[in-house]
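These notes concern the structure reproduced below.
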Amino acid sequence: MVDFDELVEKVITGEIKLHQVERYTNGDKRLATEIRRRALEKKFGVSLENIGHYSIDPERVIGKNIENMIGVVQIPMGVAGPLKINGEYVKGEFYIPLATTEGALVASVNRGCSAITAAGGVKTTIIDDKMTRAPLLKCPDARRAREVAEWVKANIEYLQEKAVSKVTRHGKLRDVKPHIVGNNLYLRFEFETGDAMGMNMVTISSEEIMNVIEEEFPDVKYLALSGNLCVDKKPNAMNFINGRGKTVIAEAIIPREIVEKKLKTTPELIAEVNYRKNLVGSAQAGSYGFNAHFANIVGAIFLATGQDEAQITEGSHGITLAEVTPEGDLYISVTMPSLEIGTVGGGTRVPTQREALSIMGVAGGGEPPGTNARKFAEIIAGAVLAGELSLLAAIAAKHLAKAHAELGR
Ligand SMILES: CC(C)(COP(=O)([O-])OP(=O)([O-])OC[C@H]1O[C@@H](n2cnc3c(N)ncnc32)[C@H](O)[C@@H]1OP(=O)([O-])[O-])[C@@H](O)C(=O)NCCC(=O)NCCSC(=O)C[C@@](C)(O)CC(=O)[O-]
Ligand SMILES: NC(=O)C1=CN([C@@H]2O[C@H](COP(=O)(O)OP(=O)(O)OC[C@H]3O[C@@H](n4cnc5c(N)ncnc54)[C@H](OP(=O)(O)O)[C@@H]3O)[C@@H](O)[C@H]2O)C=CC1
């Protein structure tokens with residue numbers, strides 16, 4: 001029999017640590033969640049009533065998605081669409097779930113979707129698809145580092161068989177890009193990861209590969225599983241140039257009448273604002289975001305669908321282009337080099353997030369594996385294009401401040 005109040009007191013005094021509560025609830029994770037929250041309420045004299053309202057089952061997420069759980073945070077979720085997409089993996093009209101507290105954001109993406117769909121839709125193209133991990137090896141000197149790198153390059157299939165296939169069915173080692181700095185060897189491994197974003201998969205696989213390399217080269221020291229050239233969760237030129245996750249491009253041509261009627265401006269002004277703001281302004285700022293607000297749309301979709309929120313960093317990298325066509329219409333595109341997303345694994349298992357994925361028809365694994373994640377990447381790129389189009393138009397028409405005064409305060 002568990003004495004709730006006694007356990008709460010023991011958590012408050014520190015006699016029982018936050019992560020040890022399950023040991024005293026016979027493994028009941030929901031009860032442990034309540035005890036931790038109650039302990040915080042009492043300790044700080046606050047009410048955590050709203051954090052305590054949820055439908056997510058702690059039994060399903062503790063130990064897979066969260067530790068020391070005390071409840072949930074709720075973020076309002078809206079939907080933008082329909083957005084017509086003519087992709088390589090998706091065709092049709094889609095509604096995009098967006099979790100945000102920034103008033104005017106969903107309206108903006110919705111307006112972009114409306115303009116693009118009226119114009120015939122967005123064309124999306126997947127340029128590359130890989131997940132990377134770059135372990136660090138300390139070698140006696142640069143020549144030895146080069147020898148090891150050459151051996152690894154020549155033994156990709158062997159490493160797949162000897163190491164990777166032992167720990168994953170969907171993970172496939174496809175290439176390695178070595179970088180040598182002094183006596184340091186960084187092996188930037190590239191993997192196919194099916195419908196998973198893939199970071200656990202490639203991390204576990206890379207450790208197996210390191211074991212094989214250490215056996216093969218006893219004079220080389222495996223120092224760190226991530227040598228920071230992966231690059232995960234940090235702004236960087238590596239992913240911007242070489243890609244990570246999905247590298248995807250979305251393009252549309254918006255007829256002049258639609259730009260004028262729905263977006264209240266002209267193709268010329270959008271192109272000029274884009275050039276002077278997103279290209280010149282970003283260059284002067286030393287930014288990797290040659291765009292207006294990829295992060296807004298990527299962030300809102302990531303939160304809605306259970307993606308790793310720290311990877312919004314690389315998802316915000318990329319370039320928006322806008323040109324006036326010879327016919328006087330607007331060509332607009334977004335190039336997203338590093339969209340790290342999945343439809344299985346990680347936070348996509350959480351029921352609310354899975355439901356959000358299901359709105360777009362991309363929850364779970366695809367047939368063949370990998371196709372669902374690619375569909376999802378195309379939908380995200382289309383939504384990002386919609387957001388860029390609408391915000392650029394609002395800035396060109398000098399409507400930005402007014403929109404946020406009306407919808408954001
Ligand atoms: C707010 C709008 C859309 C008004 O735009 P509008 O053209 O005045 O609105 P409208 O009433 O004429 O309607 C046009 C379309 O907008 C949509 N729409 C219109 N209102 C709503 C609404 N309430 N809810 C849902 N959808 C709405 C809707 O799609 C509608 O078409 P329909 O579907 O009816 O044919 C426009 O002014 C706009 O997009 N402004 C830009 C806002 C924005 O993008 N904010 C993002 C955040 S900015 C930021 O965080 C980043 C920043 C700016 O700092 C980055 C940087 O440095 O650049
Ligand atoms: N470990 C780390 O260093 C880091 C971890 N993360 C976290 O990693 C998690 C994501 O890792 P990730 O590897 O994507 O997810 P998971 O660790 O959940 O791995 C995906 C699982 O789904 C299985 N699977 C079933 N169907 C498919 C399919 N169609 N395609 C692909 N896999 C399938 C895989 O099996 P099988 O492997 O047998 O194919 C695997 O067990 C997130 O929670 C993220 O926050 C983030 C950054 C760094």
Side-chain angles (χ1 to χ4, degrees), residues 61 64-66 78-83 98 100 102-118 131 133 164-172 191-207 225-226 230 232-233 245 258 261-265 273-274 277-278 281-282 285 287 289 291-297 299-300 302 306-311 316 320 340-350 364-373 386-408:
V61 291
K64 279 188 189 298
N65 297 98
I66 189 78
V79 72
L83 174 63
L98 298 159
T100 183
E102 184 176 15
L105 178 59
V106 177
S108 180
V109 180
N110 205 36
R111 179 170 78 155
C113 290
S114 177
I116 291 169
T117 301
M131 183 43 70
R133 190 40 119 192
V164 181
S165 65
K166 271 169 60 183
V167 290
T168 172
R169 291 159 298 153
H170 293 85
K172 302 264 177 315
F191 295 85
E192 289 168 17
T193 60
D195 292 300
M197 177 274 282
M199 275 314 292
N200 278 341
M201 202 181 269
V202 306
T203 302
I204 296 163
S205 298
S206 295
E207 178 138 287
L225 193 46
S226 166
C230 311
D232 197 37
K233 306 183 175 177
I258 294 177
K261 198 160 159 242
K262 202 164 282 279
L263 301 169
K264 327 286 186 313
T265 183
V273 168
N274 186 67
K277 167 190 166 62
N278 284 343
S282 298
S287 175
N291 61 69
H293 66 151
F294 282 17
N296 261 339
I297 300 94
F302 271 37
Q307 308 305 310
D308 189 323
E309 66 277 3
Q311 293 175 330
S316 71
T320 298
E340 298 141 330
I341 51 119
T343 60
V344 300
T348 69
R349 283 187 291 251
V350 182
E367 195 47 61
T371 49
N372 247 9
E388 287 292 289
L389 175 64
S390 184
L391 177 53
L392 278 173
I395 292 175
K398 305 205 173 59
H399 286 170
L400 178 64
K402 178 172 160 279
H404 282 259
E406 284 172 10
L407 292 171

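Start at 1 and go down the list; that is how both ligands and their atoms are numbered. Heavy atoms only: backbone and side chains are in, while hydrogens, waters and symmetry mates are out.
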In the complex you have, is [atom] within reach of the protein, judged by whether a heavy-atom distance drops under 4.0 Å?
{"atom": "atom 30 (C) of ligand 1", "answer": "no"}
{"atom": "atom 41 (O) of ligand 2", "answer": "no"}
{"atom": "atom 11 (O) of ligand 1", "answer": "no"}

### Query
Which of the atoms of ligand 1 are close to N110, meaning less than 4.0 Å from one of its heavy atoms?
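Heavy-atom distances to N110 below 4.0 Å select 25 (C), 26 (N), 28 (C), 29 (O).
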
### Message
Closer than 4.0 Å to some heavy atom of H404 - which atoms of ligand 1 meet that?
### Response
42 (C), 43 (C), 45 (N), 46 (C), 47 (C), 48 (S)

### Message
If I take atom CG from residue N372 and atom OG1 from residue T348, how far apart are they, to the nearest 0.5 angstrom?
### Response
10.5 Å

### Message
Applying a heavy-atom cut-off of 4.0 Å, say which part of E406 lies close to ligand 1: side chain, backbone, both or neither.
### Response
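No part of E406 comes within reach of ligand 1.
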
### Summary
Note: N296, heavy atoms under 4.0 Å from ligand 1, region reported as side chain

### Task
Before signing off on this row, confirm whether K233 and ligand 2 have an N or O atom pair separated by under 3.5 Å.
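In this structure, K233 places no N or O atom under 3.5 Å from an N or O of ligand 2.
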
### Message
Any heavy atom of K277 closer to ligand 1 than 4.0 angstrom?
### Response
yes

#### Entry: For atom 26 (N) of ligand 2, closest protein heavy-atom neighbour
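Checking every protein heavy atom, the shortest distance to atom 26 (N) of ligand 2 gives H170 CE1, 3.5 Å.
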
## Note on the structure
Looking at N200, L225, T193, the heavy atom closest to atom 17 (O) of ligand 2 belongs to N200

#### Entry: Polar atom proximity, H293 to ligand 1 (N or O, under 3.5 Å)
no

### Enumerated ligand 2 atoms positioned under 4.0 Å from heavy atoms of G198
12 (P), 13 (O), 14 (O)

